[in-house]
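Data block below; observations after.
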Amino acid sequence: MSRAGSAVAVAGGSPTRAQACGTAAGERHTATAGVVAPECGDAPPTEHTVYDAASLTKVVATWPLIGRSLDTGLLDLDTPVRAYLPPITGDAPGAGATIRRLLTHTSGLRAETHLDRYRGNPAPLAELLCREPLEEPPGRHRYLNRGFILLGPALAHIHRRPLHELAAELWTDLGMTDTTYGPVTRSPHVAPTEQRLTGAPRIWGGVHDDNAALLGGIAGHAGVFTTAADLAGYAEHLLDPEHPLHAWLTASSTPQAPVEPGLDRGLAWLIADDGDVVYHHGWTGTSLYLAPTTGRYIAICTNAVYHGPPSPRLAPLRTLARKTLTTT
């Protein structure tokens, strides 16, 4: 699996890849390929090379913090998010979305989110988002960032602490010592991402997601930087029946909404192969696959966005990873 994955990743045009696979019992194997930052020479990646996790933020930061908040009674899945935000004045249709709807991408909120339209508006971001009309009645699955953006201030409000502090405490408890919200310092240990304008500096150490960048790099949907080693350790905790987050993973692995034939959305995670695999991707080229029934996982970090939109080029690697967990 490691050799095949390496070949697919390099062929897919990603400058660098760090991958870890293993079991809840602590068995772990790593594989790397490529060059971290061609701008800095030919240093190869390691399992500790730092990558922009992009939407893996949803399941590495926001989702476990939601689980902790449920355990302590600070949140209820079927209560509207309005209850967990500062008071909102006026009509705010989006505030009626429940925490469950936000986690399952079934809220009916607008899919398009351009936070730059709110520049100069003194109202809280959550209120501005909630005031916008729904795009459709709740219930249908549509993947969007807006719901997880709302979950960020909700978590901060109920805990009376900033999101990045809550996440840092979580990661410390989990032993994820290299995981953090950005920005991070540019170095040969940090994988750069995209050069959006010819002649302009490449994004490197700053968050790739535009909306997260407008929020200072700290958001519920994106902004986290992590490593293959930390994702492997995180997976081991999630798959360990004795760990508190394991019960939350089990609850989240129940299908909540159909996405396409053979694929459902659980609470944040995608559920495939009759529940044998749950997973999530990040736009920059990251993925985390878990097999709860066998206790195995695959964590993939790439900076495939280095060469522009990466999804088509990553498809063979991601297909291989999912197939590997279900066939071996």
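None of these values were measured; they are calculated from a predicted model. These numbers come from the heavy atoms of this one structure, side chains and all, not from hydrogens, waters or symmetry mates. Counting from 1, the numbers follow the sequence of the chain as shown.
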Can any side-chain N or O of [X] pair as donor or acceptor with the backbone N or O of [Y] at less than 3.5 Å?
X	Y	result
R202	T193	yes
D178	T227	no
T226	A53	no
Q195	A200	yes
H105	L144	yes
T57	V224	yes
Y289	R318	yes
R296	L325	yes
R313	A304	yes
H237	L174	yes

* To do: Kindly determine whether Y143 and H141 satisfy ring-ring contact (aromatic ring centres under 6.0 Å, His included), including the steps that lead there.
  => CA-CA 7 Å; Y143 183 80; H141 179 272; 7.2 Å; no

About how many Å separate [atom2] of [Y] and [atom1] of [X], when rounded to the nearest 0.5 Å?
X	Y	atom1	atom2	value
L56	W283	CG	CH2	14.0 Å
T286	D52	OG1	CG	7.5 Å
L129	R110	CG	CZ	10.0 Å
L245	D173	CG	CG	9.5 Å
L151	I99	CG	CD1	5.5 Å
H281	I300	NE2	CD1	8.5 Å

* To do: Tell me yes or no: between the side chains of E127 and T89, is some donor less than 3.5 Å from an acceptor?
  =>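 Yes - a donor-acceptor pair under 3.5 Å links their side chains.
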
* **Any donor-acceptor N or O pair under 3.5 Å, side chains N211, T113** => no

Which atom pair, heavy atoms only, marks the closest approach of [X] to [Y]?
X	Y	value
A228	A20	O-CB, 4.0 Å
V36	P192	O-CD, 3.2 Å
I298	A321	CD1-O, 3.5 Å
Y306	P38	OH-CG, 3.7 Å
A219	Y181	O-OH, 2.7 Å

Any side-chain heavy-atom pair from [X] and [Y] closer than 4.5 angstrom?
X	Y	answer
P292	V278	yes
P45	R17	no
Y84	L150	no
S14	N303	yes
V60	L231	yes
T106	P138	no

* Of L134, I149, N145, the residue whose pairing with L109 passes side chain to side chain contact (heavy atoms under 4.5 Å, CB included) ->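 The side chain to side chain contact (heavy atoms under 4.5 Å, CB included) with L109 is passed solely by L134 among L134, I149, N145.
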
* To do: Run the salt-bridge test on E135 and R146 with the 4.0 Å N-O cut-off and return the result as yes or no.
  => no

* Does one hydrophobic cluster hold both V277 and L263, with members joined at side-chain heavy-atom distances below 4.5 Å? ->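 Hydrophobic grouping puts V277 with L263.
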
* M176 reachable from L166 in the ILVMFWY side-chain graph, under 4.5 Å edges -> yes

* Any idea how W248 and W63 line up, ring-wise: parallel (<30°), tilted (30 to 60°), or perpendicular (>60°)? -> parallel

* Step by step, would you call E39 with R186 a salt bridge (Lys or Arg N to Asp or Glu O under 4.0 Å)? -> CA-CA 11 Å; E39 295 84 349; R186 293 185 179 193; over 6 Å; no

Partner set under salt bridge (charged side-chain N to carboxylate O under 4.0 Å, His left out) for [X], not counting sequence neighbours:
X	result
D71	none
R101	none
R100	D78

* Which ring pair (Phe, Tyr, Trp, His ring centres under 6.0 Å) pairs, counting each pair once, include a residue from residues 38-62, with sequence neighbours left out? ->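 Checked against ring pair (Phe, Tyr, Trp, His ring centres under 6.0 Å) - neighbours excluded - no pair reaches residues 38-62.
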
* To do: Evaluate side-chain contact (heavy atoms from CB on, under 4.5 Å) for L103 paired with S252, printing each intermediate quantity in order.
  => CA-CA 10 Å; L103 286 171; S252 300; over 6 Å; no

Exercise answer: donor-acceptor pairs, residues 158-165 side-chain atoms, under 3.5 Å, sequence neighbours excluded:
residue	atom	partner	partner atom	Å
H159	NE2	S69	OG	2.8
R160	NH1	H157	O	2.1
R161	NH1	E169	OE2	3.4

* Taking only residues at least two apart or on different chains, which pairs with a member in residues 245-272 satisfy salt bridge (Lys or Arg N to Asp or Glu O under 4.0 Å)? -> none

* Within 6.0 Å of CG in D76, more than 12 heavy atoms from elsewhere -> yes

